[in-house]
Amino acid sequence: MSDNSEQKETTQNPNIPEIFLKPYSPSEHESKIYAEWESSGFFNPDVCIEKGLTKPDAEAFAIVMPPPNANGNLHAGHGLVFTIQDIMMRYNRMRGKRALWLPGADHAGFETQVVYEKKLEKEGRSRFSMDPKDLYNEIMNFTMSSKSFMENQIRQLGASCDWSRSLFTLDDSVIKIVYDTFKRLETDELLYRGARIVNWCSKHQTSLSNLETSHVERQDKFYYFKYGPFTIGTARPETKFGDKYVVMHPDDARYAEYSHGQKIELEWINGPITATVIKDEAGDPEMGSGAMTITPWHSGIDFEIARRHNLDYEQIIDWRGKLLPIAGEFTGMSIKDAREKIVEKLKEKGLLVKIDEAYTHSVPCCYKCDREIEPQIREQWFIKTKLLAKKALKAADAEEVVFTTDRDERVFRDWMDKIEDWNISRQIVWGIPIPAKICTVCNHGMVDIKNIITECSQCSGAVIQDPDTFDTWFSSGQWPLATTGYPDSDDFKNYYPTSIMETGKDIIFFWVSRMIMLGIYCTGKVPFKKVYLHGMVRDKHGKKMSKSKGNVISPGEIQEKYGTDALRMGLMVNNAPGTDMNLDPDKVNAYKKFANKIWNISRFVLESVSDYTGDEVIIASEADSSDIAIISRLNEISLEITDHMEKDRFDLAAEKIYHYVWHEFADKIIEESKPLIAGNDAHVRKLRQQTLLTGLLTSLKLLHPFMPFVTETIWQNLPKNVLGKEREMLMVTKWPI
RNA sequence: GCGCGGUUAGCUCAGCUGGUAGAGCAUCACAUUGACAUUGUGGGGGUCACAGGUUCAAGUCCUGUAUCGCGCACCA
């Protein structure tokens with residue numbers, strides 16, 4: 001016999017299930033185990049109640065899954081989201097709660113359309129030359145295939161969510177809720193359609209909310225021009241064609257001789273104009289000369305001044321970023337090209353006073369294409385958010401909703417305090433159409449969720465369907481309502497408000513704030529009792545992952561190489577909640593080794609208890625004190641881990657169980673046990689067998705939320721005499737406490 | 001401009017309500033056919049950014065400084 005390992009397997013360990021005779025190989029077991037979980041139906045709390053695993057009156061524990069954008073693969077951040085939430089779910093399910101995790105997928109309006117536009121660009125196509133219906137259908141097909149692909153990736157991460165309740169943000173039931181809310185906001189006079197300054201992206205041809213802009217610090221030239229008797233400063237000469245108002249602070253002594261409303265003839269870019277003096281508090285005497293001209297169509301602050309004094313508005317720059325006929329000889333030029341030429345002309349006319357070369361300011365840019373935002377006036381639907389925000393803050397005061405860190409709560413409150421009206425119109429096709437009619441004569445907008453309006457309520461003119469779609473966050477903001485079946489489903493009654501909202505801190509304003517506002521608005525109750533925000537996943541050196549840097553770590557690759565359990569542990573251990581975390585493949589590899597360690601611990605224990613009868617051994621004497629100590633330490637560890645779990649410190653819980661299993665149970669207890677098991681004192685031997693089994697089963701339970709695959713695989717392969725009265729599926733056993 | 005966070009072992013990071021520093025990786029020595037292909041034992045390596053303060057006692061609380069990073073923001 002040349003191969004003695006073969007011999008060893010068959011002769012020495014006849015009672016060890018064959019599966020344990022080689023190292024743990026995640027890929028061999030994971031998909032099979034997931035399929036068993038899924039087909040058991042235990043992800044659905046109703047089934048758990050039916051099968052008697054959960055008491056019908058047990059406390060509810062519900063999480064709404066942040067629906068991932070159905071436009072690409074899962075990234076490392078998703079790995080973290082689903083791991084944290086799955087840990088919460090599995091823990092609470094084992095605690096005996098009615099545990100419900102509501103999955104879904106997000107059409108992700110603008111985000112997805114941008115992804116799709118890039119695809120079109122590569123194919124040499126453009127959305128602007130396509131029929132909107134065709135474009136919509138193409139994006140729908142693309143989204144649907146991404147969605148099903150993504151759902152499988154979520155399964156691979158081990159997510160124990162209830163797929164039977166899965167929802168897509170464009171499902172009819174979602175749209176109905178969104179439309180009803182839209183109508184209700186109108187009825188409550190919290191909605192208006194108005195011409196306001198919006199953030200316009202000239203590339204994407206849509207307005208964006210403030211949150212969808214990012215401010216970029218830049219150094220530009222700052223120009224001073226002669227404007228009649230005044231010197232005015234500007235960083236944007238290309239907007240100045242229509243400037244016919246000059247604004248200064250009423251108390252500015254330098255301009256005391258000029259009175260509000262006074263007309264002044266002066267020479268300007270394209271000839272003589274009549275300017276009007278406006279005294280307004282917005283004029284900052286400290287800034288430049290203290291006098292400024294305003295461009296109400298292309299500046300928020302100027303717009304407000306114009307509104308206060310009922311001034312004229314005139315569009316200077318078109319929707320593509322080109323100058324309109326008001327610019328005279330510059331008409332049709334892009335603003336970028338025009339700037340220097342305009343300055344040149346003003347210089348020739350002797351109107352240039354000076355140029356400040358080192359002027360730093362921050363300019364708003366489209367968060368997708370980094371192009372400078374052009375403020376424009378456009379008719380859009382706005383929600384008056386002040387009242388909604390006030391109620392949200394009140395709920396936070398009353399601790400109806402709490403944040404896991406004070407820091408996050410402060411950030412939330414600051415934003416709520418100074419919230420502005422919310423533009424919910426987007427000029428893109430990929431989204432929920434705004435249920436409204438627009439008058440072709442007077443431009444009046446009418447909410448029309450039943451699609452029955454045929455003429456303008458103000459002028460009887462012909463109407464057309466509003467071509468715009470909702471900001472995706474307006475519908476996402478109602479996601480906890482949609483997933484629980486608001487307003488009258490059993491789930492809504494049983495699970496709303498949900499227990500916890502776990503999501504990335506980067507969307508605290510986009511999503512968390514809106515859910516709280518809209519949840520309270522629709523139901524009178526907060527949508528979740530607790531907010532847990534995690535940080536970003538970065539590469540091993542703390543750098544942001546990006547395709548261009550080539551440092552993207554895809555969860556799939558990591559899972560393939562090290563196993564899902566290892567990835568989950570790598571993401572959890574030592575990663576404090578709310579802080580950014582670095583994902584290091586070496587660290588994940590360490591937990592791959594750990595999974596194998598658990599595997600071998602199990603194998604050793606099974607070898608040691610091959611003749612275990614299942615009869616309880618009574619602790620007889622002081623000689624049994626080491627077994628007593630082991631069991632008592634096990635209880636202590638269980639309590640400590642439970643304490644961490646209750647405080648949402650999964651990072652600490654994960655590290656503790658890791659340490660216990662490897663460096664106490666394996667390194668010390670198992671080593672000590674070897675002579676006892678091999679010895680000939682029958683009582684000592686049997687007692688130690690019992691102790692080892694208790695240690696193993698308890699460890700598997702404590703590990704399960706973190707490493708569900710390897711623990712469940714082991715559990716299901718434990719021989720009957722070892723499992724005793726325990727349930728056959730680890731996922732639904734009771735937490736050891 | 002307003003606000004927030006970090007600064008702990010060579011690298012990446014933990015360290016809860018204050019009681020003489022921990023993990024992974026890396027490194028060194030020894031052991032090991034071992035339940036462990038992914039093992040064990042032991043070691044080296046930190047004046048916990050700096051300066052003050054509170055305290056019997058401070059990575060841990062307070063104040064300030066330096067430095068890196070982040071968020072928010074309609075400054076012409």
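All chains are named by letter (A, B, ...) in the order of the sequence lines, taking the proteins before the strands, and each is independently numbered beginning at 1. Since we're looking at a predicted model, the values are computed, not measured.
- Side chain to side chain, Asp471(A) and Trp422(A) meet the donor-acceptor criterion of an N or O pair below 3.5 Å.
- For rU12(B), the paired base is rA23(B) (Watson-Crick or G-U wobble, both distances below 3.5 Å).
- For Ala590(A), the listed nucleotide lying nearest its side chain is rG24(B); candidates were rG24(B), rG3(B), rA35(B).
- OP1 or OP2 of rU38(B) has not a single side-chain nitrogen or oxygen of Tyr591(A) nearer than 4.0 Å.
- For the C1' atoms, the distance linking rG19(B) with rA57(B) amounts to 6 Å, nearest Å.
- Within the 4.0 angstrom heavy-atom criterion, base atoms lie near Ser362(A).
- Of all heavy-atom pairs between Met572(A) and Ala654(A), the closest is CB-CB, 4.4 Å.
- The side chain of Asn600(A) lies closest to rA35(B), out of rC74(B), rU39(B), rA35(B).
- Residue-to-nucleotide contacts include no donor-acceptor pair under 3.5 Å from the side chain of Glu420(A) to the base of rA73(B).
- At the phosphate of rG15(B), OP1 or OP2 sits under 4.0 Å from a side-chain N or O atom of Arg649(A).
- Listed nucleotides rC74(B), rA35(B), rC4(B) differ in distance to Phe604(A); the shortest reach to its side chain belongs to rA35(B).
- An OP1 or OP2 oxygen of rC74(B) is reached within less than 4.0 angstrom by a side-chain nitrogen or oxygen of Asn210(A).
- Aromatic ring centroids of Tyr591(A) and Tyr562(A) lie 6.0 Å or more apart.
- Counting non-hydrogen atoms under 4.0 angstrom, Glu304(A) reaches nothing in the nucleic acid.
- Comparing atom distances between the Trp662(A) side chain and each of rG40(B), rA35(B), rA76(B) picks out rG40(B) as nearest.
- Using a 4.0 Å heavy-atom criterion, one finds that Asp586(A) contacts the sugar-phosphate atoms exclusively.
- Within the nucleic acid shown, Gly563(A) has no heavy atom closer than 4.0 Å to any nucleic acid atom.
- Ala595(A) comes within contact range of no nucleotide atom at all, as no heavy-atom separation falls under 4.0 Å.
- Remark: Lys674(A) qualifies as a cation-pi partner of Phe604(A) under the 6.0 Å distance and 45° angle criteria applied to the six-membered ring.
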Please walk me through it: do Trp473(A) and Phe510(A) pass ring-ring contact (aromatic ring centres under 6.0 Å, His included)? CA-CA 7 Å; Trp473(A) 297 104; Phe510(A) 278 113; 5.1 Å; yes
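- In this structure, a donor-acceptor pair under 3.5 Å is present between the side chains of His309(A) and Asp280(A).
- Below the 3.5 angstrom threshold, one finds no donor paired with an acceptor across the side chain of Lys587(A) and the base of rC25(B).
- Within the 4.0 angstrom heavy-atom criterion, no nucleotide atom of any strand lies near Phe303(A).
- Relative to the side chain of His663(A), the nucleotides rG24(B), rA76(B), rC13(B) differ in distance, and rG24(B) lies closest.
- Considering only the side chain of Phe509(A), rC72(B) comes nearest among rC74(B), rC36(B), rC72(B).
- Base orientation of rG52(B): anti, since the glycosidic angle falls outside 90° of 0.
- Closest approach to the Asn582(A) side chain among rC25(B), rC13(B), rA35(B) is made by rC13(B) (side chain taken as heavy atoms from C-beta onward).
- Pair assignment for rG42(B): rC28(B), on the basis of Watson-Crick or G-U wobble contacts that are both within less than 3.5 Å.
- Of the candidate nucleotides rC13(B), rG22(B), rA37(B), rG22(B) has the atom lying nearest to any side-chain atom of Glu655(A).
- Taking only distance into account, the side chain of Lys418(A) never meets the base of rA73(B) through a donor-acceptor pair shorter than 3.5 Å.
- With a cut-off of 3.5 Å on both pairing distances, the Watson-Crick or G-U wobble partner of rU67(B) is rG6(B).
- In the set rC74(B), rA35(B), rA23(B), rA23(B) carries the atom at the smallest distance from any side-chain atom of His659(A).
- For the residue pair Gln376(A)/Trp319(A), the side-chain donor-acceptor check at 3.5 Å is not satisfied.
- Looking at the side chain of Met292(A), the nearest of the listed nucleotides rA76(B), rU38(B), rC74(B) is rA76(B).
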